[in-house]
Amino acid sequence: ASSVRRFSRWLHNSGLDPHELYGKLFRYALRNWTQHPIVLALDTSMLKDRFCAVRISMIYLGRAIPVAWRIFEHDSSAVKYEDYREVLERAHSLMPREVPVIFLADRGFVHKALMRKLNRLEWEWRIRTKAYQVLRCGSRRMMPQTPFLQTGNALLFDRNVHFGRELENLSLSAGWPQKNEEPWYVLSNGVVGAEVFADYALRFDIEEEFRDEKSGGFGLEETRLTDSGAIERLLLVVAAASIVAVN
């Protein structure tokens, strides 16, 4: 009982900044990282149908390691750019200098503000877009679903796609992997083709991370915490354990 009370006081200590503490640990873990690009994935998950967890994680060896997160009361996993902007900025502050970054996100993050921010950060990005998203290819309007795709085929639009007036010279990789039930339409600010599909497929590792946290080991769904700040500090423990497990 005494240990439980001490841990509860620690979780509810508003003077404890979990992001500052975790940042030191994460930077130390990456102290010798100089060669390969760092792959980051952005996603959200609901906790107890009351809290939305916004997460940016690093994809590494088939696992997803938390980098930055935010917990806030929300009735849905659909979020706006303003809801996760600070998470993105926090993740950027933890990246080693001179190391390229590849950023991945699913259809819920087709936000122009996000894409503009990623371009300013000089990160490569691959964001899956909706089939009915209005784009412009050259001088004509198009939707990604417009080209006819068959299973196992791909159509590539290299640096000739515009998303509104602000985002130009984008690439669109439209493909239907044989093992998938639906096509992938992936916008990027760089290359097209097999490399983009392979990179985007890594994004699913963050979904496995959420599963591990909820039902695969950590049991976050069972927490009785009702304060978003306390849950963020609890995630510090989970994130630190993740680093130790794969280091």
Side-chain angles (χ1 to χ4, degrees), residues 16-45 53-71 81 84-106 109 111 114-128 171 173 186-213 216-218 220 232-247:
L16 191 154
D17 185 344
H19 309 294
E20 180 180 356
L21 291 175
Y22 184 70
K24 296 177 181 178
L25 174 62
F26 188 83
R27 289 190 186 96
Y28 181 78
L30 291 188
R31 65 193 182 282
N32 296 321
W33 191 288
T34 58
Q35 298 181 352
H36 304 292
I38 292 176
V39 179
L40 300 179
L42 168 66
D43 208 349
T44 61
S45 179
V54 183
R55 177 82 53 82
I56 293 178
S57 294
M58 176 179 170
I59 307 301
Y60 179 65
L61 295 179
R63 309 298 298 177
I65 303 170
V67 177
W69 59 90
R70 181 193 174 200
I71 305 292
Y81 174 71
Y84 60 85
R85 181 177 61 179
E86 66 180 85
V87 181
L88 180 63
E89 293 173 348
R90 195 177 299 133
H92 173 248
S93 72
L94 297 179
M95 293 298 102
R97 294 183 179 181
E98 309 302 329
V99 175
V101 172
I102 299 174
F103 185 92
L104 314 173
D106 201 12
F109 299 96
H111 300 154
L114 170 61
M115 296 175 184
R116 290 195 298 267
K117 178 66 172 180
L118 295 172
N119 287 341
R120 289 195 296 271
L121 295 177
E122 298 183 345
W123 288 359
E124 288 191 41
W125 50 267
R126 292 89 163 90
I127 300 176
R128 186 178 177 184
S171 298
S173 301
V186 185
L187 282 171
S188 69
N189 61 345
V191 299
V192 293
E195 179 180 337
V196 170
F197 295 131
D199 288 342
Y200 178 77
L202 298 174
R203 190 204 67 81
F204 294 99
D205 289 343
I206 194 172
E207 295 183 0
E208 292 297 314
E209 175 190 1
F210 285 132
R211 184 186 64 81
D212 288 345
E213 290 178 354
F218 290 107
L220 281 181
E232 287 199 350
R233 283 181 279 275
L234 180 59
L235 278 173
L236 165 62
V237 180
V238 173
S242 299
I243 286 185
V244 172
V246 301
N247 195 5

Please find the pair of heavy atoms, one from Ala41 and one from Ile206, that lie closest to each other, and give the distance.
O-CD1, 3.5 Å
Hey, could you give me the CG/CG distance between Asn119 and Leu114, rounded to the nearest 0.5 Å?
9.5 Å
Hey, are Arg55 and Glu209 close enough for a salt bridge, meaning a charged N less than 4.0 Å from a carboxylate O?
yes
Hey, does Glu232 have a side-chain heavy atom less than 4.5 Å from the side chain of His19?
yes
Check the pair Ile127 / Leu104 against side-chain contact (heavy atoms from CB on, under 4.5 Å), numbers first and verdict last.
CA-CA 6 Å; Ile127 300 176; Leu104 314 173; over 6 Å; no
Pair Glu89, Lys117 - check side-chain contact (heavy atoms from CB on, under 4.5 Å), show working.
CA-CA 10 Å; Glu89 293 173 348; Lys117 178 66 172 180; 4.1 Å; yes
In Å and rounded to the nearest 0.5 Å, what is the CD1 to OG distance from Ile65 to Ser57?
8.5 Å
Could you state the interatomic distance from CG (Leu202) to CE (Met58), rounded to the nearest 0.5 Å?
11.5 Å
Kindly write out the residues that satisfy side-chain hydrogen bond (donor to acceptor under 3.5 Å, both in side chains) with Tyr200, not counting sequence neighbours, or none if the list is empty.
Asp106, Arg203
Taken in chain and number order and not counting sequence neighbours, the residues that satisfy salt bridge (charged side-chain N to carboxylate O under 4.0 Å, His left out) with Glu124 are Arg126
N-O pairing of Arg233 and Asp17 below 4.0 Å
no
Show the atom names and distances, to 0.1 Å, of all donor-acceptor pairs under 3.5 Å that link a side chain in residues 92-100 to residues at least two apart or in another chain.
| from | atom 1 | to | atom 2 | distance (Å) |
| --- | --- | --- | --- | --- |
| Ser93 | OG | Arg90 | O | 2.6 |

Heavy-atom donor-acceptor pair, Ser173 side chain to Gly193 backbone, under 3.5 Å
yes
Go through the structure and list residues passing ring pair (Phe, Tyr, Trp, His ring centres under 6.0 Å) with Phe210, not counting sequence neighbours.
none
Rounded to the nearest 0.5 angstrom, the CD-OG distance for Glu213 and Ser45 is 8.0 Å
As a test of understanding, state which of Leu235, Val237, Leu234, Leu236 forms a side chain to side chain contact (heavy atoms under 4.5 Å, CB included) with Pro18.
Leu236
Aromatic ring proximity Tyr81/Phe109, centre distance under 6.0 Å
no
Listing, residues 22-33 side-chain donor-acceptor contacts under 3.5 Å, not counting sequence neighbours, or none:
| from | atom 1 | to | atom 2 | distance (Å) |
| --- | --- | --- | --- | --- |
| Tyr22 | OH | Pro66 | O | 2.4 |
| Arg31 | NH1 | Tyr28 | O | 2.7 |
| Trp33 | NE1 | His36 | O | 2.7 |

Take Asn189 and Trp123 through the side-chain hydrogen bond (donor to acceptor under 3.5 Å, both in side chains) test and state the conclusion after the steps.
CA-CA 9 Å; Asn189 61 345; Trp123 288 359; over 6 Å; no
Quick one: list whatever passes side-chain hydrogen bond (donor to acceptor under 3.5 Å, both in side chains) with Ser171, sequence neighbours left out.
Asp158
Rounded to the nearest 0.5 Å, what separates atom CG in Leu40 from atom CD1 in Ile59?
8.0 Å
Taking Phe103 as the fixed residue, which of Ile38, Asp199, Leu88 is the one that meets the side chain to side chain contact (heavy atoms under 4.5 Å, CB included) rule?
Leu88
Quick one: pull up CG in Leu118 and CG in Leu42 and give me the separation to the nearest 0.5 Å.
9.0 Å
